[in-house]
Amino acid sequence: DARPIEFKLPYLLAMRQQAPKMFNRLSREGTLMAFVDEKAAEASKLFHELTANVPKTLGGYPKEPEASAAIEQVMAVMLDFPNHEQTTRQMDERSAMLNEPQTQ
C-alpha cells in the first residue's frame, strides 16, 4: 500500500511562520485542523498524480528517486503562502471582486 506523505505538521509550521494571521484566524474559528486535513488531501492527490506513471514497489508505493522528487514538488507547491501579508478582509474583498459580476 502507498505510504502517506507526512504533510500536516510541515503545513502547520509553514502556515504559522508564513501566514500567522491565517493560522490565528483558523485557530480562533476552530477550523484549523479541518483546513489542514483538506490541504493534506490535496497534497496526497498531487503526490499520486505526480507518481502515476513511475515504477512502483511490490506494495504499490513509488520507487526512489521518483517518490522523493514527488514529495519535494508537493511540499514546494503546497507550503507556499503567497498572500501571507494580506489580511482576511483584503482576501475576502479580493475574492468578492474576482467572483462576483461587476454591476455599473
Side-chain angles (χ1 to χ4, degrees):
D1 291 277
R3 290 180 282 162
I5 60 174
E6 178 46 53
F7 179 77
K8 291 179 185 182
L9 182 60
Y11 188 83
L12 279 168
L13 295 174
M15 183 196 297
R16 193 170 69 189
Q17 182 179 25
Q18 297 178 38
K21 290 176 185 173
M22 179 181 174
F23 181 88
N24 292 332
R25 178 175 53 85
L26 292 171
S27 293
R28 269 194 318 274
E29 294 171 355
T31 56
L32 180 62
M33 291 316 296
F35 183 82
V36 173
D37 287 343
E38 192 177 297
K39 289 297 181 180
E42 285 179 36
S44 181
K45 182 178 181 221
L46 180 57
F47 177 79
H48 291 293
E49 289 171 3
L50 291 171
T51 59
N53 299 315
V54 302
K56 306 282 194 295
T57 65
L58 290 176
Y61 191 76
K63 290 184 177 179
E64 293 298 335
E66 292 87 355
S68 292
I71 288 171
E72 278 184 38
Q73 283 185 277
V74 168
M75 293 299 184
V77 169
M78 298 296 295
L79 299 184
D80 185 27
F81 293 87
N83 297 323
H84 67 276
E85 291 302 321
Q86 293 184 342
T87 65
T88 303
R89 185 170 155 225
Q90 287 170 325
M91 288 190 296
D92 290 345
E93 288 171 353
R94 181 170 173 231
S95 179
M97 285 191 305
L98 294 174
N99 296 325
E100 292 178 9
Q102 298 295 314
T103 55
Q104 295 188 4

Apply side chain to side chain contact (heavy atoms under 4.5 Å, CB included) to residues Lys56 and Tyr61 and explain how you reach the verdict. CA-CA 5 Å; Lys56 306 282 194 295; Tyr61 191 76; over 6 Å; no
Using the rule that two of Ile, Leu, Val, Met, Phe, Trp, Tyr join whenever any of their side-chain heavy atoms come within less than 4.5 Å, decide whether Met75 and Val54 are in one cluster. no
For the backbone of Ala40 and the side chain of Ser44, can you confirm whether one donor and one acceptor N or O come within less than 3.5 Å of each other?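 Answer holds: no.
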Without swapping roles, check the side chain of Glu38 against the backbone of Glu42 for a donor-acceptor pair under 3.5 Å.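 No.
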Check whether any side-chain heavy atom of [X] sits under 4.5 Å from a side-chain heavy atom of [Y], and report yes or no.
| X | Y | answer |
| --- | --- | --- |
| Phe7 | Val36 | no |
| Met22 | Phe35 | yes |
| Leu26 | Met15 | yes |
| Phe81 | Gln17 | no |

Other hydrophobic cluster members with Leu9, side-chain heavy atoms of Ile/Leu/Val/Met/Phe/Trp/Tyr under 4.5 Å, chained?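 Traced through the cluster, Leu9 reaches Leu13.
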Can Gln18 and Phe23 be said to form a side chain to side chain contact (heavy atoms under 4.5 Å, CB included), step by step? CA-CA 9 Å; Gln18 297 178 38; Phe23 181 88; over 6 Å; no
Could you check Leu32 against Leu12 for side chain to side chain contact (heavy atoms under 4.5 Å, CB included), going step by step and ending with a plain yes or no? CA-CA 9 Å; Leu32 180 62; Leu12 279 168; 3.8 Å; yes
Identify the heavy atoms of Val74 and Ala43 that sit nearest to each other, and give their distance.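 So the two residues come closest at CG1-CB, 3.7 Å.
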Minimum heavy-atom distance Ala67-Pro62, with the two atoms named: CB-O, 3.4 Å
Counterpart residues, side chain to side chain contact (heavy atoms under 4.5 Å, CB included), relative to Val77 (two or more places apart): Leu46
So how far is it from Gln73 CD to Thr51 OG1, rounded to the nearest 0.5 Å? 10.5 Å
From Phe47 atom CZ to Ile71 atom CD1, the distance as rounded to the nearest 0.5 Å: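 If we round to the nearest 0.5 Å, Phe47:CZ and Ile71:CD1 are 5.0 Å apart.
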Does this structure show an ion pair linking Glu66 with Lys63, if we count only N-O contacts that are shorter than 4.0 Å?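 No.
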